[in-house]
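In what follows, a structure is listed as structure tokens, so that the remarks can point back to it.
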Amino acid sequence: MSKNPDNSHDLFSVRLGKLEKLRSEGVDPFRANWNQTHTSATAKALYKPEKDNEIEVSLAGRITNMNVMGKAMFAKIQDRDGKIQIYAKREELGEEAYFKLRKHDIGDIIGVSGPLFVTKTGEVTVRALKYAIVSKSMRPLPEKWHGLSDADTIYRNRHLDLIVNEESRERFKKRSAIISCIRRFLEERDFMEVETSTLHHIVGGAAARPFVTHFNALDCDFYLRIALELHLKRLLVGGFDRVFEIGRVFRNEGLSRRHNPEFTMLELYQAYTDHRGMMELIHSMVQTICKDVLGTTAITNSEGEEIELGDQWREVSYKQLIIEATEDPDWFSRSKEEKLAATEKLGIQVNPELEDYEVTNNVFEKLVEPNLIQPTFVTHVLKELCPLAKLNEEDPGVLDVFELCINGQEIAPAYSEQNDPFVQKEMFEAQVGEETQNLDHEFLAAMEQGMPPAGGMGIGIDRLIILLTGAANIRDTILFPALRPEKKEETEDRPKEE
RNA sequence: GGAUCGGUAGCUCAAUCGGUAGAGCAGGUGCCUUUUAAGCACUUGGUUCGGGGUUCAAGUCCCCGCCGGUCUACCA
């Protein structure tokens, strides 16, 4: 390991020595099991002052603190519920076991059993009468006070982050609880959870660059899905009137504070309702999460802004927001050139190659969306922005949809789903243009079979978690975010590919 | 992809104008029977991200590369 013949400074070697010593004493440093009767939290909840030193528990956990004072010692062990203090005395535990215990490293996993008591300072503590090493830790833990803060180290060593950073541990627990709450909520509304395929041979349901992979047996390229939509709608045709899927989608695009190339999407479709029904559903779902998981409807985002999720949410049309942002009531009757000139005055850069509606949407994305901190349903969105939604009867230039924006991000778009196969085909053709090989004929054939009217919604789960946990970065809500692989030493120089 | 900031001990961080690489925690050896980031004494530990250059002298200045943060681009 080390070039230095004196290994006393090499933390791994020191622990290797301790490991060998344990083995030479007949102790297995990696036990097969330990009988854990309680966790730190259930043990603490059990304690009663009138039963001091009477209630026996058997716990296991990782040592996070050690405090040895001659013939007695304190330590803290951490399990899935948190930390609990243990106390061991030489004369109670026995000399041999006591000296083994005090030689442990922070990071070792041990099992301890004995009665609960309370220390002078009022902390519920386990009096160790029996103890065993459960699993030796060969590597040191990060510093106990500051924890681990280097972002790169955290993302590449999530296990260390979870051991030492309580905030991170709690955020991922909360993520799990929120997703579980969503499942219960939808199941209570008679939704059925399904799993559709991840490998697609046609990219559809969104506009994003896909990851490509090769299917050897069929000798053709497949794509990792960029959306769940088209398969789920085929299930609507099949008669599954209320379906949802929570799954990973993959988009081959850049990384940012709000984008990870693989992320978790919830999509749900409910027949015999429309986007208005989806409005009620998402509001009710978020209320349920606030009540059951968070215990509050008041959220603070990473900027310190207060977000109130409990009240009636604002509802406003896309056009109204654009008019407010541009301070131009006639925005939508202006030419593309006039709009481009106006964006310059507004201080945003817009690519002049873009289509007219895209210029307007740039205004929305750069000037409107970032300021929608409180929950806002943006309705009557331009028809070019989604080919899968129903057109509004009064104004066929806009769609019967909403985009729910909170915390300056789009959290959930929802539609009155398009079920006219002829209109659907036209809108698809307008979208793909010349590239007719990208037309999903299987989906269109399914629609021609007859799809019930339906409301549908997609929820970016990671962004919802960012919102609900006050995270600053999507990577703090994804256990193993995408990172460039660490370079191995000196690979042969390859010609650079552009 | 572009701009910009950063990378120093296992971890968290110092290092003045370019002048002997340091502290706390972790580790080691002792002392200590209710501690709370326990304490006390002594102590180990460095390819300053990698490679080149300027200089009597480089953690510090210059160039190239690697990795990351932020912004930006792509992104219905």
Side-chain angles (χ1 to χ4, degrees), chain A residues 2-4 6-15 17-18 64-76 83 85-93 98 102-103 105-107 117-123 125 127 138-157 160 164-165 205-210 226-227 229 251-261 263 348-349 351 355 357-358 361-362 364-366 381-389 399 401 403 410 413 415 431 458 472-473 475 483-491 493 496 498:
Chain A
S2 171
K3 288 165 199 160
N4 193 330
D6 170 19
N7 281 338
S8 62
H9 63 274
D10 179 341
L11 301 178
F12 192 92
S13 300
V14 169
R15 292 184 181 212
K18 293 180 181 182
T64 60
N65 299 73
M66 277 227 280
N67 195 350
V68 180
M69 308 159 295
K71 300 178 188 68
M73 62 175 285
F74 287 93
K76 281 187 178 158
K83 292 180 187 178
Q85 181 164 259
I86 64 172
Y87 174 71
K89 264 197 217 181
R90 189 178 71 170
E91 58 190 44
E92 285 176 351
L93 187 57
Y98 178 75
R102 60 179 275 174
K103 290 306 263 183
D105 288 303
I106 289 174
F117 76 106
V118 160
T119 61
K120 269 200 233 173
T121 50
E123 182 163 350
T125 301
R127 185 178 298 278
M138 300 305 293
R139 293 170 182 268
L141 282 179
E143 206 241 12
K144 65 183 172 189
W145 188 239
H146 299 93
L148 194 59
S149 60
D150 180 67
D152 190 37
T153 311
I154 285 175
Y155 300 141
R156 292 187 196 277
N157 300 276
L160 291 179
V164 301
N165 292 335
R209 279 158 66 196
I226 59 169
E229 180 152 3
R251 298 186 179 180
N252 205 341
E253 286 152 7
L255 301 112
S256 84
R257 208 154 63 87
R258 298 181 193 80
H259 298 83
N260 195 64
F263 60 99
I348 57 171
Q349 285 200 321
N351 182 350
E355 300 288 329
Y357 76 91
E358 290 175 308
N361 204 43
N362 256 272
F364 182 81
E365 285 176 358
K366 289 177 178 168
V381 172
L382 301 184
K383 75 168 195 292
E384 292 85 356
L385 292 172
C386 178
L388 289 151
L399 300 164
V401 305
E403 290 183 5
E410 186 189 57
Y415 312 146
Q431 184 194 30
N473 191 315
R475 293 174 168 191
L483 293 172
R484 190 181 295 278
E486 279 183 299
K487 241 203 174 158
K488 303 246 174 78
E489 37 193 89
E490 288 303 303
T491 45
D493 281 342
K496 249 194 171 173
E498 287 302 311

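Computed over heavy atoms, backbone and side chain alike; hydrogens, waters and symmetry mates excluded. Chain A is the first sequence line, chain B the second, and so forth, proteins listed ahead of strands; every chain is numbered from 1.
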* Is the base of C13(B) syn or anti, where syn means the angle lies within 90° of 0? -> anti
* Hey, does Lys103(A) reach any base, or is it just sugar-phosphate, or nothing, if we go heavy atoms under 4.0 Å? -> sugar-phosphate
* To do: Output the single nucleotide from G28(B), U35(B), C67(B) whose closest atom is nearest the side chain of Asp152(A).
  => C67(B)
* **4.5 Å side-chain heavy-atom contact, Lys71(A) and Glu91(A)** => no
* Would you please confirm or rule out a distance under 4.0 Å between OP1 or OP2 of A38(B) and any side-chain N or O of Asn65(A)? => yes
* To do: Identify whether any heavy atom of Val68(A) sits under 4.0 Å from a base atom; if not, whether one sits that close to sugar-phosphate; answer base, sugar-phosphate or nothing.
  => base
* Tyr98(A) backbone acceptor or donor facing Lys89(A) side chain under 3.5 Å -> no
* **Donor-acceptor pair present, His146(A) side chain and C11(B) base, under 3.5 Å** => no
* Structure fact -> Rounded to whole Å, NZ of Lys89(A) lies from C1' of U35(B) at a distance of 14 Å
* Base, sugar-phosphate alone, or nothing: which one does Glu403(A) contact when heavy atoms must sit under 4.0 Å apart? -> nothing
* **Options G27(B), U70(B), U35(B), nucleotide nearest the side-chain atoms of Asp105(A)** => G27(B)
* Asked: Rounded to whole angstrom units, what separation is found between the CG atom of Asn157(A) and the P atom of C11(B)?
  -> 9 Å
* Any donor-acceptor pair under 3.5 Å between the side chain of Glu123(A) and the base of U34(B)? -> no
* Between G39(B) and A57(B), how far apart are the P atoms? Round to whole Å, please. => 45 Å
* Report yes if at least one side-chain N or O of Lys18(A) is closer than 4.0 Å to OP1 or OP2 of G28(B); otherwise report no. => yes
* Can you name the residues that form a salt bridge (Lys or Arg N to Asp or Glu O under 4.0 Å) with Arg127(A), not counting sequence neighbours? -> Glu92(A)
* Structure fact -> The nucleotide from U35(B), G24(B), G27(B) with an atom nearest the side chain of Gln85(A) is U35(B)
* Asked: When we call it a touch if two heavy atoms are under 4.0 Å apart, what does Lys366(A) touch: a base, just sugar-phosphate, or nothing?
  -> sugar-phosphate
* In whole angstrom, give me the gap between the C1' atoms of G52(B) and G27(B). => 36 Å
* Asked: Do Leu382(A) and Leu399(A) come close enough that some side-chain heavy atom pair is under 4.5 Å?
  -> no
* To do: Nearest whole angstrom, please: distance from the P of U35(B) to the CE of Met66(A).
  => 18 Å
* To do: Counting Watson-Crick and G-U wobble pairs only, both distances under 3.5 Å, name the nucleotide matched with U54(B), or none.
  => none
* **Test item: Glu403(A) and Pro413(A) side chains (from C-beta on) under 4.5 Å apart, heavy atoms** => yes
* Which whole number of Å gives the distance between the C1' atom of G46(B) and that of U72(B)? -> 37 Å
* Would you find a donor on one side and an acceptor on the other, under 3.5 Å apart, between the side chain of Thr153(A) and the backbone of Ala151(A)? -> no
* Asked: Backbone N or O of Phe74(A) within a donor-acceptor pair of the Gln85(A) side chain at under 3.5 Å?
  -> no
* Asked: With nearest nucleotides of RNA chain B determined for Lys71(A) and Cys386(A) from heavy-atom distances, which residue corresponds to the more 5′ nucleotide?
  -> Lys71(A)
* To do: Please determine, for A3(B), whether a Watson-Crick or G-U wobble partner exists with both distances under 3.5 Å, and give it or none.
  => U70(B)
* Asked: With sugar-phosphate meaning primed atoms plus P, OP1 and OP2, does Phe263(A) contact a base, only sugar-phosphate, or nothing at under 4.0 Å between heavy atoms?
  -> nothing
* Asked: Which is true for Leu255(A) with a 4.0 Å heavy-atom rule: it touches a base, it touches only sugar-phosphate, or it touches nothing?
  -> base
* Quick one: label Glu384(A) by what it contacts on the DNA or RNA (base, sugar-phosphate, nothing), any heavy atom closer than 4.0 Å. => nothing
* **Short side-chain N/O contact from Lys144(A) to OP1 or OP2 of C11(B), under 4.0 Å** => no
* Asked: Just checking Asn361(A): base, sugar-phosphate only, or nothing, at a heavy-atom cut-off of under 4.0 Å?
  -> nothing
* Classify the nucleic acid contact of Arg139(A) as base, sugar-phosphate or nothing, counting any heavy atom under 4.0 Å across all strands shown. => nothing
* **Nucleotide of U33(B), C11(B), G27(B) approaching Ile106(A) most closely (side-chain heavy atoms)** => G27(B)
* Asked: Touch check for Arg156(A), heavy atoms < 4.0 angstrom, all strands: base, sugar-phosphate only, or nothing?
  -> sugar-phosphate
* To do: Could you please name the partner base of C17(B), counting Watson-Crick and G-U wobble pairs only when both distances are under 3.5 Å?
  => none
* Could you work out the separation of A14(B) and U48(B) based on their C1' atoms and round it to a whole Å? => 13 Å
* Are Leu148(A) and Asn165(A) close enough that some pair of their side-chain heavy atoms sits under 4.5 Å apart? -> yes
* Asked: Roughly, in whole Å, what's the span from CG in Leu11(A) to P in C25(B)?
  -> 15 Å
* Of all the choices, C11(B), G28(B), C13(B), which nucleotide is nearest to the side chain of Ser149(A) once you look at every atom? -> C13(B)
* Structure fact -> To the nearest angstrom, the CH2-C1' distance between Trp145(A) and C11(B) comes to 15 Å
* Any side-chain heavy-atom pair from Thr64(A) and Lys83(A) closer than 4.5 angstrom? -> yes
* To do: Under 4.0 Å between any heavy atoms, over every strand shown, what does Arg484(A) touch: base, sugar-phosphate, or nothing? Just pick one.
  => sugar-phosphate
* When you compare C56(B) with C61(B), how far apart are their C1' atoms, in angstrom units rounded to a whole number? -> 16 Å
* Asked: Expressed in angstrom and rounded to an integer, what is the separation of Ile154(A) atom CD1 from U12(B) atom P?
  -> 8 Å
* To do: Confirm from the modelled atom types if Thr119(A) and U35(B) form a donor-acceptor pair under 3.5 Å, side chain to base only.
  => yes
* Rounded to the Å, how far apart are Glu365(A) CD and C75(B) C1'? -> 8 Å
* Structure fact -> Distance col, row Asn473(A):CG vs His259(A):NE2, nearest 0.5 angstrom, shows 12.0 Å
* **Partner nucleotide, any strand, of C42(B) [Watson-Crick/G-U, under 3.5 Å]** => G28(B)
* Base, sugar-phosphate, or nothing: which does Leu385(A) touch, judged by heavy atoms less than 4.0 Å apart? -> base
* Base partner of A23(B), which must satisfy Watson-Crick or wobble distances under 3.5 Å -> U12(B)
* To do: Under 4.0 Å between any heavy atoms, over every strand shown, what does Gly107(A) touch: base, sugar-phosphate, or nothing? Just pick one.
  => nothing
* **Spacing of the P atoms in U4(B) and U8(B) (rounded, Å)** => 22 Å
* **5' priority, RNA chain B, between Pro140(A) and Lys120(A) [closest heavy atom]** => Pro140(A)
* So what does Pro387(A) hit on the nucleic acid, given a heavy-atom distance under 4.0 Å: a base, only sugar-phosphate, or nothing? -> base
* Can you tell me how far P of C75(B) sits from CG of Asn260(A), to the nearest Å? -> 18 Å
* To do: Quote, to the nearest angstrom, the C1' distance that separates G59(B) from G7(B).
  => 11 Å
